[in-house]
Amino acid sequence: MAQQTDSIPDSEQIAKKRGVPEGLWIKCPGCSSSIYRKEAERQSNICPKCRFHLYVSARDRLVQVLDEGTFEAWDANILPTDPLSFSDKKRYAERLLGEQDRTGLTDAAITGTGMIRARRVAIGVTDSAFIMGSMGSVVGERLARLIERATEQTLPLIIISASGGGARMHEGILSLMQMAKVSAALARYHKSGGLYISVLTNPTMGGVAASFASLGDLVFAEPKALIGFAGPRTIKATMKIELPEGFQTSEFLLEHGYIDRIVDRSRLKTEIAQAIDYCGKY
Amino acid sequence: MNNTPPGLEFEVPILDIESKLKSLLAQPLNSTVEESIRQLRRQWTETTRDIYSKLNPWQTVQVARHKDRPYTRDYLNLAFDEFIELHGDKFFGDDRAMLTGFAKLDRHKVMVVGHQKGRTYKERSACHFGCAHPEGYRKAMSKMRLAEKYGLPIICFIDTPGAFPGIGAEERGQSQVIAESMFLMSQLKTPIICIVIGEGGSGGALGIGVGDRIAMLQYAYYSVISPEGCAGILWKSHQFAPDAAQALRFTSKHLSHLGIVDDVIEEPLGGAHRDHQQMAARLKSYLLKTLGSLTNSSSEKLVERRYDKFRSMGVYLEQMEDGNQNLVGTPITADMV
């Protein structure tokens with residue numbers, strides 16, 4: 001599932017790819033123009049020139065979507081370990097410490113509850129800065145618990161995905177099984193009548209796309225996000241063909257019927273609240 | 001012993017003995033020849049046992065991918081009494097990489113869903129080498145719903161390098177169908193047995209892999225990503241596939257320790273590719289035993305236990321209020337590394 005990313009770029013490339021603001025000025029991956037970092041930040045990390053949606057951390061995302069001061073984290077005490085004693089060029093145990101240090105997160109998902117325009121919701125957000133936002137045991141467990149609580153407390157469920165890495169290789173088969181675990185929890189939630197809104201952001205690939213991200217009653221996507229199963233490079237290498245322009249973007253998925261709406265980041269909170277109202281789940 | 005060159009590199013000593021045996025068997029028999037045959041057979045057993053008891057994970061992958069390894073269609077022929085193929089996803093097409101239909105196994109009527117790789121080049125290319133498209137998963141889902149409706153247990157044979165990576169596959173919702181299939185299988189009110197018979201390639205495998213019993217043949221592998229894919233990303237070169245195979249802990253021994261597979265079905269000496277009949281017989285006896293035990297449970301109980309089974313998968317730490325950390329799940333131990 002993780003083959004989507006094909007090769008791991010070095011940290012500088014990652015920063016560039018994700019549009020992580022490094023200095024005072026940043027280059028927009030959408031239009032290549034230099035934009036003033038503070039200006040982009042003021043606009044929820046959207047390029048003021050071409051409206052390309054830049055990287056947003058999970059924490060900032062919660063601030064953008066939830067009513068101020070309403071977020072309460074759940075299961076922050078679930079922490080990652082190195083179940084396979086996995087080692088590539090670096091030991092996974094070390095990699096985890098490094099990622100935790102760099103991002104201030106304990107793993108790639110934050111879950112909890114909060115209010116969206118005064119409607120209580122259960123919410124989960126993945127952060128593409130933490131090992132490509134990939135899902136291992138902790139992301140799977142936090143999401144499964146989130147969904148189970150949403151079921152018990154009859155809360156609308158919002159999951160905002162930013163996961164280029166899919167299922168996390170470093171935890172092997174355990175990561176793969178999180179796809180089944182979270183999907184099974186969603187099936188129960190669905191049976192209980194819950195409303196699940198899945199929001200796809202750049203990037204949502206592999207095992208994350210092929211599990212909870214695709215199972216929303218409503219699926220929203222931010223504009224121009226990369227969303228798909230197999231990575232474009234894998235497809236290119238396997239098929240030995242050029243990929244059509246705009247392949248695996250939000251617009252491509254909308255065209256092929258897999259998402260309900262493309263929602264600009266500035267409208268996300270409003271549109272989630274609207275959908276909750278239409279479905280009578282406030 | 002249906003090996004044709006080129007065989008696997010680590011099997012060369014075995015293949016040598018096999019070819020000597022073959023030429024001896026072609027000779028007119030006399031006591032000297034017979035004695036040599038007996039000796040060679042003993043040597044074959046010893047050599048094969050020796051090599052196969054020390055297979056490393058990368059060699060296991062080679063066995064799982066062996067061109068003579070039995071596929072879903074072979075098991076249908078050898079282990080089942082009848083197979084009535086059902087085609088089509090009633091939506092787009094009939095994916096040959098996913099074989100589905102009614103089957104009879106002694107007194108049991110079942111639905112079989114399995115990846116099919118194809119034996120000849122023509123078959124392989126029609127089956128996309130066992131890589132299913134979205135229509136394959138839609139086909140599987142439609143047959144599984146049918147099975148649930150009429151109370152047939154479902155048997156899934158997993159054998160795929162992965163779900164197909166291509167433009168059409170993306171256009172027709174590869175992610176969507178794999179997600180839907182797991183979602184569906186987790187709630188189906190009929191027994192489901194999943195067996196990884198060769199390659200358990202990531203989401204493409206798991207798309208028909210949610211069941212009440214998960215079994216695996218001894219030299220099959222089941223992984224989040226192919227060793228080549230993993231090596232390409234983490235080692236930046238496919239050449240490190242053997243290292244990735246080692247790191248991913250995806251052999252039957254590891255997976256059974258991790259609690260992912262319930263049962264490991266032993267292969268004949270020298271791997272399933274050496275003796276289809278015997279492998280099929282072992283698979284059949286496993287299926288009969290397991291079907292017998294699953295068909296006794298109510299469907300509500302089955303679905304509940306299936307949920308708990310997948311719900312408990314994962315290894316993590318839980319920080320307690322007193323500051324202690326509880327380890328949840330069973331990590332790989334030092335002696336298994």
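Chain letters run A, B, ... following the sequence lines, proteins first, then strands; residues in each count from 1.
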Is B:Ile167 in contact with chain A via its backbone, its side chain, both, or neither, using a 4.5 Å heavy-atom distance? both
Measure the CG-CG distance between B:Leu258 and A:Leu84 for me, rounded to the nearest 0.5 Å. 6.0 Å
In terms of heavy-atom proximity below 4.5 Å to chain B, should A:Glu255 be classed as side chain, backbone, both, or neither? neither
Which one, B:Gly173, B:Ser175, B:Pro331, B:Ala179, leads in non-hydrogen pairs under 4.5 Å with chain A? B:Ser175
Please look at A:Ser85 and chain B and tell me whether the side chain, the backbone, both or neither of the residue comes under 4.5 angstrom of a heavy atom of that chain. both
Please state whether the side chain, the backbone, both or neither of A:Lys191 comes within less than 4.5 Å of a heavy atom of chain B. side chain
Please rank A:Ala185, A:Gly257, A:Ser175 by heavy-atom pairs under 4.5 Å with chain B and give me the top one. A:Ala185
Test your reading of the model: is there a side-chain donor-acceptor pair from B:Glu171 to the backbone of A:His256, 3.5 Å cut-off? no
Rounded to the nearest 0.5 Å, what's the gap from OG1 on A:Thr238 to NE2 on B:His128? Could you check? 12.0 Å
Within residues 206-229 of chain A or reaching into it, pairs that qualify as side chain to side chain donor-acceptor pair (under 3.5 Å) - sequence neighbours excluded: A:Arg61-A:Glu222, A:Glu222-A:Arg265
Output for pair (A:Met132 CE, B:Ile233 CD1), nearest 0.5 Å, gives 8.0 Å
Just how far is it from atom CG of A:Leu186 to atom OG of B:Ser186, taken to the nearest 0.5 Å? 9.0 Å
Do the non-hydrogen side-chain atoms of A:Tyr258 and B:Glu170 ever get within less than 4.5 Å of each other? no
Between CD of B:Gln187 and OG of A:Ser183, what distance do you get to the nearest 0.5 Å? 11.5 Å
I'd like to know whether NZ of A:Lys90 has more than 12 heavy-atom contacts from other residues, nucleotides or ligands below 6.0 angstrom. yes
Find the one option among A:Ser137, A:Pro244, A:Ala144 whose heavy-atom pairs under 4.5 Å with chain B are most numerous. A:Ser137
Run the side chain to side chain contact (heavy atoms under 4.5 Å, CB included) check on A:Leu174 and B:Ile260 step by step: do they pass? CA-CA 8 Å; A:Leu174 295 165; B:Ile260 304 299; 3.9 Å; yes
Are any of the side-chain heavy atoms of B:Leu206 and A:Met177 separated by less than 4.5 Å? yes
Is it the backbone or the side chain of A:Arg145 that comes under 4.5 Å from a heavy atom of chain B, or both, or neither? both
Which one, A:Asp82, A:Leu215, A:Val138, leads in non-hydrogen pairs under 4.5 Å with chain B? A:Leu215
What are the residues of residues 310-320 of chain B, in order of number, with any heavy atom under 4.5 angstrom from a heavy atom of chain A? B:Phe310, B:Arg311, B:Met313, B:Gly314, B:Val315, B:Tyr316, B:Leu317, B:Glu318, B:Gln319
B:Gly203 and A:Met179 have their tightest heavy-atom pair at CA-CE, 4.4 Å
Can you tell which part of A:Ile241 gets under 4.5 Å to a heavy atom of chain B, answering side chain, backbone, both or neither? side chain
Note, B:Phe164 side chain near A:Met239 side chain (heavy atom, < 4.5 Å): yes
According to the ring pair (Phe, Tyr, Trp, His ring centres under 6.0 Å) rule, which pairs have a member within residues 162-211 of chain A, sequence neighbours left out? A:Phe86-A:His170, A:Tyr92-A:His170, A:His190-B:Phe183
Measure B:Tyr222 against the heavy atoms of chain A and call it side chain, backbone, both or neither at under 4.5 Å. both
Of all of B:Asp243, B:Leu184, B:Val210, B:Leu255, which one pairs up most often with chain A through heavy atoms under 4.5 Å apart? B:Leu255
Given side chains that start at C-beta, do those of B:Ser223 and A:Leu176 come closer than 4.5 Å, heavy atoms only? no
Heavy-atom pair of closest approach, residues A:Ile235 and B:Pro165: CG1-C, 3.9 Å
The interface call for B:Gln325 against chain A, heavy-atom contacts under 4.5 Å, is side chain
Considering heavy atoms only, which positions within residues 73-81 of chain A lie below 4.5 Å of chain B? A:Asn77, A:Ile78, A:Leu79, A:Pro80, A:Thr81
